[in-house]
Amino acid sequence: MTLPVRTRIAPSPTGAPHVGTAYMALFNLAFARKNEGKMILRIEDTDQCRSTHGSEVAILESLKWLGIEWDEGPDKIGDFGPYRQSERKEIHANHIQILREKGHAYPCFCTANRLKELRSEQMSKKETPRYDGHCLNLTEEEIEKRINDGESFVIRLKVPTEGECCFTDELRGEVKINWNQIDHQVLQKSDGYPTYHLANVVDDHLMNISHVIRGEEWISSTPKHVLLYEYFGWNTPIFAHLPLLRNPDKSKLSKRKNPTGINYYKEAGFLPEVLLNYLGMMGYTLPDQREIFSLEELTQSFDIKRMSLGGPTFDLEKLKWLNGRYLREQLTQDEVVRRMIDWKINSGFMKKIIPHALQRLESFSDFIPLTGFLFQDYPKLERTSLIGKFEASYASKLIKVFEWELEKIKSWNREEICNLFQNLAEKEDKKLKEILPLFFQVITGEHVSLPLFDSIEILGQDLVRIRLRKALDFLTAEGFGISKKGLKSLEKDYRLKYGDRID
RNA sequence: GUCCCGUUCGUCUAGCCAGGUCAGGACACCGGGUUUUCAUCCCGGCAACAGGGGUUCGAAUCCCCUACGGGACGCCA
């Protein structure tokens, strides 16, 4: 009898919920359900600098919106908790101690600077950058002394000096990677928190995970994981590395080139079951090749071996077509009405708009034309109004800078947005009044409408981001885009004036 | 740069594992029909096995090489 199937998704709460997370969750869930197993949701928040509670809440909500349910998780206690890695710090520390005692891990006192130099030196010698073992042979006395002296240190994984690691990927067969390619991975950071690699292996084992189904970006660090299982004397789970969702240019799906936030699809008026259905046809086809299927239908016949391995391009056009078919064929007209009301045609949303619209209303019939842009995915743009007072190429640059600045906003409210614009005007040596008409047009597509800052707040980050994107595309199509070279120098200037970019 | 993974119409893919149907379907696009417009719907069309070498009577399918694409190379996950 084989072990019960337990899969997991392990999102890191460091940003907006990503469609890639949903993509992996979907197949983990389908596989678990098909095999009468369970799917666990574990929050990987070992990065104390970047993890936020807000992001965790948002991820859970987004997945629930999509109809993805897990059997155990931070909000659904099972027998293997806690399900948040920050609450498992002691467990991880104990396991690191075990490795230390067995001689499979060692403290390292090297400074960030030294490592940086080492890396660039190796790169220039065309070697694979990896730790050189500088602290590998320190004596226990020396280690104790340096720790007692308060020197900052990390714990590293010892890696065999020769031979190769061989593991089986359920989809790709045998994968062999030479140990000399594998870095002496940091297992414990100087803040005492474990890194992904350690926490992930320990937790997967302790949570009885039978199948690790994750993105192919992890293939090259799998040897580290395999090694950890071996050092601990544990059986490895079955690995299956799924292809990564791609941008139209084939690079890994990123928000700069595509809407990647689950929230975007919600705000833009897509049905959750459609997004899920669409993700299900990325890299997978049902045996009868039908294109419209529910999560249950996908699950019933799910066979992970049917996954195709080429990274699929996320194509908005086909998603739109699918959503249209659902509206026409899968829902009754009553349901469409209800779903639309749930979406935005409700009093909650109206109440947000009314304070700003009221001064501009003479009759109810003014409302829809005035506020229509708040319900749109993105408005139609006009050449004349978009280019207006600035040189067109300057408009592109301004929008681009704004796009970068927008990613720095911590909490989405009017005040932050206002500050951002004021800062932008100041840095660009322009009056606020001068730069606002451009953005007014980009965001609303209108000449007369609601106040800009409030509109931006109501629209939310995802819809604002796509409008900037569309405006940039539009300007490019009109011949006023930013060249690759121009973008590079703009970015350089930007860093100088505004500080580093955040992606 | 090094290592790893991948490669069927522009896009998502079926077929590949167990070689042998004009390489099938869907999106997009183009044309036609239905429709007072548009859309929907229906019909038709366009369009691919990355390249080279093997194995074989026969290769999209098995093997090798090359090219191209992607990923990884963090005290991020």
Side-chain angles (χ1 to χ4, degrees), chain A residues 10-15 18 20-21 42-51 85 108-112 115-116 119-120 122-131 152-156 164-165 167 169 171-183 185-200 214-224 241-253 278-292 305-322 324-325 327-329 503:
Chain A
S12 177
T14 54
H18 196 279
T21 306
R42 184 175 67 224
I43 295 293
E44 308 235 325
D45 55 351
T46 54
D47 184 342
Q48 287 296 294
C49 301
R50 296 199 306 149
S51 297
Q85 283 185 331
C108 164
F109 298 89
C110 293
T111 60
L115 296 173
K116 201 175 158 192
R119 217 166 284 141
S120 56
Q122 287 168 327
M123 284 286 229
S124 69
K125 280 200 280 185
K126 300 182 181 180
E127 290 168 7
T128 301
R130 75 198 271 270
Y131 187 63
S152 159
F153 69 100
V154 299
I155 306 287
R156 284 182 185 275
E164 59 184 11
C165 175
F167 63 93
D169 181 284
L171 303 174
R172 298 158 204 265
E174 299 251 297
V175 178
K176 289 176 180 172
I177 299 175
N178 205 302
W179 285 120
N180 66 20
Q181 293 296 322
I182 308 301
D183 200 4
Q185 180 62 47
V186 171
L187 300 176
Q188 186 177 68
K189 309 175 218 177
S190 54
D191 66 1
Y193 277 89
T195 57
Y196 166 85
H197 304 278
L198 185 280
N200 188 266
R214 56 176 14 167
E216 70 177 320
E217 58 201 339
W218 293 108
I219 293 178
S220 38
S221 40
T222 301
K224 293 169 187 171
H241 292 96
L242 269 31
L244 257 23
L245 259 17
R246 311 279 187 96
N247 295 310
D249 67 1
K250 287 288 176 192
S251 58
K252 179 163 121 176
L253 193 69
Y278 181 69
L279 289 174
M281 56 202 263
M282 301 265 84
Y284 190 75
T285 321
L286 266 62
D288 64 3
Q289 289 200 63
R290 90 189 97 148
E291 298 205 278
I292 297 204
K305 302 257 188 191
R306 286 185 65 84
M307 289 294 312
S308 61
L309 300 178
T313 306
F314 195 93
D315 178 19
L316 273 166
E317 285 303 317
K318 192 150 183 176
L319 177 66
K320 284 180 188 172
W321 162 80
L322 194 64
R325 277 197 67 176
L327 292 177
R328 264 170 263 121
E329 297 170 16
D503 277 309

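Numbers restart at 1 for each chain; the letters A, B, ... are given by sequence-line order, proteins then strands.
Using atom C1' as the reference point in both B:G70 and B:U34, the two lie 46 Å apart (nearest Å). Spacing of C1' atoms, B:U13 relative to B:C3, comes out at 30 Å, to the nearest Å. Comparing B:C9 with B:A50, their C1' atoms sit 14 Å apart, to the nearest whole Å. When the P atom is used for both B:G10 and B:G51, the distance is 12 Å, rounded to whole Å. For the P atoms, the distance from B:G53 to B:G31 is 41 Å, rounded to whole Å. On the C1' atoms, B:G33 is 14 Å away from B:U40, given to the nearest whole Å. Going from the C1' atom of B:C46 to that of B:C27 covers 14 Å, rounded to whole Å. One P atom belongs to B:U66, the other to B:C5, and the distance between them is 14 Å to the nearest Å.
Across the strands present, B:U34 finds no partner; the criterion is a Watson-Crick or G-U wobble pair with both atom distances under 3.5 angstrom. Base pairing annotation: B:G6 forms a Watson-Crick or G-U wobble pair with B:C68, both donor-acceptor distances under 3.5 Å. B:A39: no Watson-Crick or G-U partner with both key distances under 3.5 Å is found in any strand. The partner of B:C16, taking Watson-Crick or G-U wobble pairs whose two distances both stay under 3.5 Å, does not exist in any strand shown. When Watson-Crick and G-U wobble pairs are counted only if both distances are under 3.5 Å, B:G1 pairs with B:C73. In a base pair of the Watson-Crick type (N1 to N3 plus N6-O4 or O6-N4) or a G-U wobble (N1-O2 and O6-N3), with each distance short of 3.5 Å, B:U11 is matched with B:A26.
Nucleotide B:U2 holds its C1' atom 17 Å from the CH2 atom of A:W179, rounded to whole Å. Computed from coordinates, the A:I219 CD1 to B:C3 P distance equals 16 Å when rounded to whole Å. The nearest whole Å value for the distance from the NZ atom in A:K176 to the C1' atom in B:U2 is 20 Å. Spacing between atom CD of A:E216 and atom P of B:C3 amounts to 18 Å, rounded to whole angstrom units. With rounding to whole Å, A:L309 atom CG is found 11 Å from B:U8 atom P. Distance, A:E174 CD to B:C5 P: 11 Å, rounded to whole Å. Rounded to whole Å, the distance from CG on A:D169 to C1' on B:G6 is 12 Å. A:W321 places its CH2 atom 12 Å from the P atom of B:U40, with the value rounded to the nearest Å.
With sequence neighbours left out, the salt bridge (charged side-chain N to carboxylate O under 4.0 Å, His left out) criterion links A:E164 to no other residue. Every ring-ring contact (aromatic ring centres under 6.0 Å, His included) that A:Y196 has, sequence neighbours left out, goes to A:W218, A:H225. Every residue meeting the side-chain contact (heavy atoms from CB on, under 4.5 Å) condition with A:S51, not counting sequence neighbours, appears here in chain and number order: A:P13, A:T14, A:D45, A:D47. Taking the salt bridge (charged side-chain N to carboxylate O under 4.0 Å, His left out) definition, one finds that A:D315 meets it with nothing, sequence neighbours left out. Taking the side-chain contact (heavy atoms from CB on, under 4.5 Å) definition, one finds that A:T21 meets it with A:P11, A:H18, sequence neighbours left out. Scored by the salt bridge (charged side-chain N to carboxylate O under 4.0 Å, His left out) test, A:R306 finds no partners at all (sequence neighbours excluded). The salt bridge (charged side-chain N to carboxylate O under 4.0 Å, His left out) check on A:K252 picks up A:E217, with sequence neighbours excluded. Applying the side chain to side chain donor-acceptor pair (under 3.5 Å) criterion to A:Q185, with sequence neighbours excluded, gives A:K224.
Looking only at side-chain heavy atoms (C-beta outward), A:R246 and A:L253 stay at 4.5 Å or farther from each other.
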Interface polar pairs with nucleotides 10-18 of chain B, N/O, under 3.5 angstrom:
{"from": "B:C12", "atom 1": "OP1", "to": "A:K250", "atom 2": "NZ", "distance (Å)": "3.3"}
{"from": "B:C12", "atom 1": "OP1", "to": "A:T313", "atom 2": "N", "distance (Å)": "2.9"}
{"from": "B:C12", "atom 1": "OP1", "to": "A:T313", "atom 2": "OG1", "distance (Å)": "3.1"}
{"from": "B:C12", "atom 1": "O2'", "to": "A:M281", "atom 2": "O", "distance (Å)": "2.9"}
{"from": "B:U13", "atom 1": "OP1", "to": "A:G283", "atom 2": "N", "distance (Å)": "2.3"}
{"from": "B:U13", "atom 1": "O3'", "to": "A:T285", "atom 2": "OG1", "distance (Å)": "2.9"}
{"from": "B:U13", "atom 1": "O2'", "to": "A:T285", "atom 2": "OG1", "distance (Å)": "3.0"}
{"from": "B:A14", "atom 1": "O2'", "to": "A:Q289", "atom 2": "NE2", "distance (Å)": "3.2"}

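With hydrogens and angles disregarded, a donor-acceptor distance shorter than 3.5 Å links the side chain of A:R130 to the backbone of A:N180. Panel note: side chain A:D249, backbone A:S251; a donor-acceptor pair is recorded below 3.5 Å. With hydrogens and angles ignored, the 3.5 Å screen pairs no side-chain donor or acceptor of A:K318 with any backbone N or O of A:Y278.
Salt bridge absent: A:R325 and A:E291 never bring a charged side-chain N and a carboxylate O closer than 4.0 Å.
Applying the side-chain hydrogen bond (donor to acceptor under 3.5 Å, both in side chains) rule to pairs touching residues 281-290 of chain A yields A:D288-A:R290, A:R290-A:E297, sequence neighbours excluded.
A close approach under 4.0 Å does occur between a side-chain nitrogen or oxygen of A:R328 and OP1 or OP2 of B:C41.
Within 4.0 Å (heavy atoms only), A:K320 reaches no atom of the nucleic acid at all.
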_Per-nucleotide protein contact string for nucleotides 29-34 of chain B (B base, S sugar-phosphate only, - none; heavy atom under 4.0 Å)_ = ------
_Across nucleotides 72-77 of chain B, 5' to 3', mark each nucleotide with B, S or - according to how protein heavy atoms within less than 4.0 Å reach it._
SBSBBB
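Of the two residues near RNA chain B, A:V175 and A:L319, the one whose nearest nucleotide lies more 5' is A:V175.
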